[in-house]
Amino acid sequence: MSRISVVIPVYNDAGMLQTCLTALARQTRPADEIIVVDNASTDDSAQVAHAAGARVVFQPKRGIPSATSAGFDAARGEILARLDADSIPPTDWLARAVAALDAHPEASAITGTADFYGGNAFQRWFGRSCYLPAYFRAMGMLLGHPPLFGSNYALRADAWLELRESAHLDRDDVHDDLDLSFQFRPGMTVHFDRGLLVRVSARPFGVGGFVHRVRLGVITVAVNVLRESPATRRRRRALWT
């Protein structure tokens, strides 16, 4: 049976991290290890992680790309499962992710989607009905395969070793999940499982948070499209198949 490492970057999010770790403790297929990457928090996020039995990795360089990569590099599992501190996975989340990867051996990763909690009714509706469908549709067209969704995916460890070579891990102005999605080479793909669902906070869909996310998305697309155009990318992938 493949070992599973769950990686959770956190910055000053102790309360939500506690809820996430409680949900992970209830998994029908438990994680073999849980790694919480403390991205220089000033609250008690690290103490919450230790109390829950997680392994804490300290990453002083701020930014989700560097925090995620520190967790993936420290992981010992063959499967690297990724959540955000505000993710709340259902009890069968890990079992479903492993089953999907077993059913799709051609896939280097599996990703799912989210329902939203908190915020207001409009923010929850916008995230579920507008933001995520547009993200998967638009980025899928650019990439030639589904993009990873950072709050809910699992990646094979051997794929990570390939992807990290070209990912922009030193930048804090890119979306780590989208940037990693651009690094998938011909012959590597992502399987999208609509039933792989977690709950995620709707807080990014406040005005300021949403503008910030759009800015990061534009930068992420720009730096990767300058490296390889979508047409070239899709042509290379078509030649592989």
Side-chain angles (χ1 to χ4, degrees), residues 4-27 31 33-41 43-46 48-49 52 54-57 59 61-72 74-75 79-90 93-94 96-97 109-119 123-124 126-128 131-132 135-136 139 147-155 160 167 169 172-181 190 193 196-206 209-210 212-214 216-217 220:
I4 307 172
S5 301
V6 178
V7 173
I8 310 169
V10 64
Y11 172 69
N12 287 352
D13 224 351
M16 288 187 169
L17 176 63
Q18 178 67 72
T19 302
C20 179
L21 293 173
T22 298
L24 282 173
R26 297 170 177 161
Q27 294 294 298
E33 65 173 351
I34 298 173
I35 298 174
V36 173
V37 184
D38 178 11
N39 203 191
S41 297
D43 70 354
D44 59 349
S45 292
V48 166
R55 180 154 64 105
V56 177
V57 172
Q59 171 54 276
K61 179 177 174 54
R62 289 286 306 284
I64 298 179
S66 56
T68 299
S69 64
F72 283 173
I79 297 174
L80 310 178
R82 172 75 161 79
L83 292 171
D84 283 324
D86 63 353
S87 300
I88 306 177
W93 178 67
L94 282 175
R96 186 177 186 111
I110 179 171
T111 195
T113 185
D115 200 0
F116 293 89
Y117 66 89
Q123 290 168 343
R124 296 191 295 272
F126 179 81
R128 178 182 63 253
Y131 177 79
L132 282 181
Y135 172 70
F136 282 112
M139 294 304 105
L148 298 173
F149 172 47
S151 298
N152 180 15
Y153 72 86
L155 174 70
W160 164 245
L169 304 179
D172 61 2
D173 60 350
V174 298
H175 280 302
D176 66 305
D177 49 357
L178 180 56
D179 182 63
L180 201 60
S181 300
V190 177
D193 182 350
L196 188 68
L197 184 74
V198 301
R199 299 181 67 215
V200 182
S201 171
R203 60 187 174 178
F205 303 118
F210 183 66
H212 178 65
R213 291 184 74 85
V214 170
L216 294 185
T220 307

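The shown structure was predicted, so the numbers you read here are calculated from the model rather than taken from an experiment. We're numbering straight along the sequence, starting at 1.
Nearest heavy atoms, A49 versus V56: CB-CG2, 3.6 Å. Shown here for S45 and V10, the closest heavy-atom pair between the two residues is OG-CG2, 3.7 Å. Closest of all the heavy-atom pairs between P9 and A67 is CB-CB, 3.9 Å. Closest approach of V198 to P89, counting heavy atoms only: CG1-CA, 3.9 Å. The two residues V48 and L21 have their closest heavy-atom pair at O-CD1, 4.1 Å. For A85 against C20, the heavy-atom pair with the smallest separation is O-CB, 3.5 Å.
Rounding to the nearest 0.5 angstrom, the gap separating the CG atom in L24 from the CD1 atom in I8 is 5.0 Å. Note: D176 CG to I64 CD1 = 5.5 Å, rounded to the nearest 0.5 Å. Considering OH of Y135 and NE2 of H175, their distance stands at 8.0 Å, rounded to 0.5 Å. The line from OH of Y11 to CG of L17 is 15.0 Å long, rounded to the nearest 0.5 Å. Taking CD of Q59 as the reference point, atom CG of D38 lies at 10.0 Å (rounded to 0.5 Å). For the atom pair L148 CG and Y153 OH, the distance stands at 5.5 Å (nearest 0.5 Å).
Judged by distance alone, the side chain of S69 and the main-chain N or O of S66 form a donor-acceptor pair under 3.5 Å. Not one N or O on the side chain of D172 forms a donor-acceptor pair closer than 3.5 Å with the backbone of P65. T220 contributes no side-chain N or O that, together with a main-chain N or O of D179, makes up a donor-acceptor pair within less than 3.5 Å. Side-chain atoms of Q27 come within 3.5 Å of backbone N or O of P90 as a donor-acceptor pair. In this structure a side-chain-to-backbone donor-acceptor pair under 3.5 Å is present from R124 to G118. Looking at R128, its side chain never comes within 3.5 Å of a backbone N or O of D115 through a donor-acceptor pair. With hydrogens and angles ignored, the 3.5 Å screen pairs a side-chain donor or acceptor of D177 with a backbone N or O of G150. Between the side chain of S151 and the backbone N or O of S87, no donor-acceptor pair lies under 3.5 Å. Judged by distance alone, the side chain of N152 and the main-chain N or O of L196 form a donor-acceptor pair under 3.5 Å.
With sequence neighbours left out, the side chain to side chain contact (heavy atoms under 4.5 Å, CB included) criterion links N12 to S41, T42, D43. The side chain to side chain contact (heavy atoms under 4.5 Å, CB included) search around V7 returns I35, V37, F72, not counting sequence neighbours. Y117 is linked by a ring-ring contact (aromatic ring centres under 6.0 Å, His included) to nothing, counting only residues two or more places apart in sequence or in another chain.
Counting heavy atoms from C-beta on, the side chains of D84 and V200 never come closer than 4.5 Å. In this structure, M16 and S201 have side chains that are in contact, with non-hydrogen atoms separated by less than 4.5 Å. Contact of the R203 side chain with the Q123 side chain is not registered, since no non-hydrogen atoms from C-beta on lie closer than 4.5 Å. Two residues are said to be in side-chain contact when any heavy atoms from C-beta on lie closer than 4.5 Å; T113 and F136 meet this criterion. Residues H212 and P204 fail the side-chain proximity criterion, which asks for heavy atoms closer than 4.5 Å. Proximity of L197 to R199: side-chain heavy atoms (C-beta onward) are nowhere separated by under 4.5 Å.
Note: F205 and F116 have perpendicular aromatic rings, judged against thresholds of 30 and 60 degrees for the angle between ring planes. Under the 30°/60° scheme for interplanar angles, the aromatic rings of Y131 and F126 are found to be tilted.
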Practice task
In sequence, state the C-alpha distance, the side-chain angles, and the governing distance for T68 and L180, and then conclude on side chain to side chain contact (heavy atoms under 4.5 Å, CB included).
Solution key: CA-CA 11 Å; T68 299; L180 201 60; 5.9 Å; no
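Within a 6.0 Å sphere centred on CD1 of I79, other residues, nucleotides and ligands contribute more than 12 heavy atoms.
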